[in-house]
Amino acid sequence: MSKLKEYKTFKEKADFFKDGDLRVVFNIEHVFSELEKFGGTGNFIFRGASEAKYKLFNSAQRVFIESELYKQVNKNYDIFYDSWIKNLIANCRSWNSGTVTSLLKEAGINPDNSLSYLSYMQHYKVPTPLLDFTRDPFIALYFATENIGNYAADDEIDNYFSIYYTLTINRAFIGWKDIFDSNITDFKSGVISYDDVTKNRLQLLLPDNKLYNLLNNSNIINQKGLFFYNNQPFEPLEESYKYFLTVIKDKISTDVYEHPHLMKVIGGCFNIHKSLAPYIQNKLKEKGITKEFIYPDASKIKDFVLHNSFAQTIYASVPQ
């Protein structure tokens, strides 16, 4: 089985991220302050990774590469990859006599909206070409520190985890959205076929666009989630973005290319030493960011509501 590409050094990482070689070993409060400032603008989104060496592959890419599914063909990898994603969606639609389709219909979502299926699949860890980001930097920190790997390091980069951030007002993202929306054949009806989606290889999908209908599970709400769509079979998000810039550079004016809101890399990052994880986790608990909040368990609603309603009703009836 094939292994995913990883960063061997921070110098290599700096080619794809602003401050990609920046390492935080102490003064973590400064990072908290910076993240709070970024989050407060409303223009940044974030992603946490438990290993600084990991490249930004989505789950479909991981399965496609690691299982060597691509070896079933010797050319036209993109077409083969798109066909596999469409089959994943089709099987999600047909699962359990169409349960997911029925759920979407009951929620007022067009059953021919492929983005809604992908969002639902992402929630249940079915491979998709979506990569999770969040509007909340501290939720990104939670995910980065949730499953820190503690093992003997072969390289310095093994001792760090990472928080990534990017600017939603990047002119590239805005341009992608305009093209993406124009490529949807029957957008207003809520029909978003996967064939239309694949006309774009990269896209930032924000839940506040109601026609995308991404808000179809409780996790994405608490996690303030959104997605990057990357339909390249082999290139992680940061490499796909950099290639995109090389393609457009000769097709746009110098003024447009040099505009400060056209980012030359996908975003920036903080590489944080793993020894700081316990301190960070305690700070997150103070902010109410816990496993119970991140992964709300609806089966616990009954006990919570019943217990508290009894206590409150009895308290109100007792003479003060």
Side-chain angles (χ1 to χ4, degrees), residues 57-65 67 69-95 97-105 107-133 172-217 220 226-237 239-241 243-244 247-248 251:
F57 288 102
N58 57 51
S59 57
Q61 290 175 312
R62 288 199 301 270
V63 172
F64 190 74
I65 295 169
S67 68
L69 184 60
Y70 59 89
K71 289 193 173 180
Q72 301 305 310
V73 292
N74 56 16
K75 59 181 180 178
N76 297 325
Y77 294 118
D78 289 355
I79 295 173
F80 185 68
Y81 183 73
D82 288 346
S83 174
W84 176 55
I85 301 296
K86 283 192 283 188
N87 282 328
L88 287 170
I89 295 172
N91 280 281
C92 178
R93 292 187 65 151
S94 64
W95 173 76
S97 301
T99 295
V100 179
T101 300
S102 297
L103 286 170
L104 295 181
K105 285 180 179 178
I109 299 173
N110 193 303
D112 293 320
N113 183 337
S114 62
L115 293 181
S116 288
Y117 287 100
L118 289 176
S119 174
Y120 194 89
M121 290 156 62
Q122 184 83 348
H123 172 53
Y124 287 103
K125 302 188 184 305
V126 179
T128 78
L130 305 180
L131 189 68
D132 293 293
F133 272 69
F173 302 162
I174 294 170
W176 293 352
K177 179 186 180 303
D178 292 341
I179 295 170
F180 184 88
D181 290 356
S182 68
N183 279 334
I184 305 301
T185 305
D186 197 10
F187 205 177
K188 291 184 179 180
S189 72
V191 174
I192 303 180
S193 75
Y194 195 67
D195 284 329
D196 283 343
V197 172
T198 60
K199 293 174 184 175
N200 298 273
R201 304 310 260 172
L202 293 164
Q203 170 67 356
L204 174 60
L205 298 168
L206 300 172
D208 50 12
N209 186 330
K210 294 182 179 179
L211 290 175
Y212 293 168
N213 279 309
L214 300 174
L215 296 173
N216 52 34
N217 67 74
I220 198 173
L226 55 131
F227 307 111
F228 265 105
Y229 171 76
N230 175 18
N231 204 33
Q232 305 290 342
F234 301 108
E235 288 75 38
L237 180 62
E239 292 182 16
S240 296
Y241 182 85
Y243 176 73
F244 161 78
V247 170
I248 69 166
K251 298 180 180 180

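Since we're looking at a predicted model, the values are computed, not measured. If you read the sequence from its start, that first residue is 1, and numbering goes on from there.
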Looking at every non-hydrogen atom in both residues, tell me the closest pair between [X] and [Y] and how far apart they are.
X	Y	result
A60	P129	CB-N, 3.8 Å
N58	L130	CB-O, 3.4 Å
M121	P127	CE-O, 3.8 Å
L204	W176	N-CE3, 4.0 Å
S114	V197	OG-CG2, 3.6 Å

Working to the nearest 0.5 Å, report the span between [atom1] of [X] and [atom2] of [Y].
X	Y	atom1	atom2	value
D178	N183	CG	CG	11.0 Å
S59	F64	OG	CZ	13.5 Å
I85	N231	CD1	CG	6.5 Å
K251	I248	NZ	CD1	9.5 Å
I65	F234	CD1	CZ	6.5 Å
I109	S116	CD1	OG	4.0 Å

Min side-chain heavy-atom separation [X]-[Y] under 4.5 Å:
X	Y	value
L237	F133	yes
L115	L205	yes
F244	L202	yes
L104	P111	no
N230	Q61	yes
V126	C92	no

Which residues satisfy the side-chain hydrogen bond (donor to acceptor under 3.5 Å, both in side chains) test with [X], sequence neighbours excluded?
X	value
Y81	none
T198	none
Y70	S2
E235	none

Y117-T101 side chain donor-acceptor pair, cut-off 3.5 Å:
yes

For D196, what residues pass the side-chain contact (heavy atoms from CB on, under 4.5 Å) criterion, not counting sequence neighbours?
I184, T185, S193, K199

What residues, two or more places apart in sequence or in another chain, satisfy side-chain contact (heavy atoms from CB on, under 4.5 Å) together with T99?
W95, N96, L103

Only counting residues at least two apart or in another chain, list the ones meeting salt bridge (Lys or Arg N to Asp or Glu O under 4.0 Å) with K71.
E68

Residues which pass salt bridge (Lys or Arg N to Asp or Glu O under 4.0 Å) with K105, listed by chain and number, not counting sequence neighbours
none

Which residue pairs pass the salt bridge (Lys or Arg N to Asp or Glu O under 4.0 Å) test with at least one member in residues 109-133, sequence neighbours excluded?
R93-D112

Summary of salt bridge (Lys or Arg N to Asp or Glu O under 4.0 Å) pairs that have at least one residue in residues 80-91, sequence neighbours excluded:
D82-R201, K86-D195

Output all residues satisfying ring pair (Phe, Tyr, Trp, His ring centres under 6.0 Å) with F57, sequence neighbours left out; order by chain, then residue number.
none

Across all chains, not counting sequence neighbours, the ring pair (Phe, Tyr, Trp, His ring centres under 6.0 Å) partners of F80 are none

Report the C-alpha separation of L206 and F227 in whole Å, then their side-chain angles, then the decisive distance to 0.1 Å, and conclude whether the side chain to side chain contact (heavy atoms under 4.5 Å, CB included) test is met.
CA-CA 7 Å; L206 300 172; F227 307 111; over 6 Å; no

Residue pair N200, I179: steps toward the side chain to side chain contact (heavy atoms under 4.5 Å, CB included) verdict:
CA-CA 8 Å; N200 298 273; I179 295 170; 3.3 Å; yes

Side-chain donor or acceptor of S240 paired with backbone N/O of P236 under 3.5 Å:
yes

Under a 3.5 Å distance rule, please check whether D78 uses its side chain to pair with a backbone N or O of Q232 as donor and acceptor.
no

Check step by step if side chain to side chain donor-acceptor pair (under 3.5 Å) holds for T128 and Q122.
CA-CA 6 Å; T128 78; Q122 184 83 348; 2.5 Å; yes

Go through the steps to decide whether F173 and Y241 satisfy the test side chain to side chain contact (heavy atoms under 4.5 Å, CB included), and finish with yes or no.
CA-CA 10 Å; F173 302 162; Y241 182 85; 3.9 Å; yes

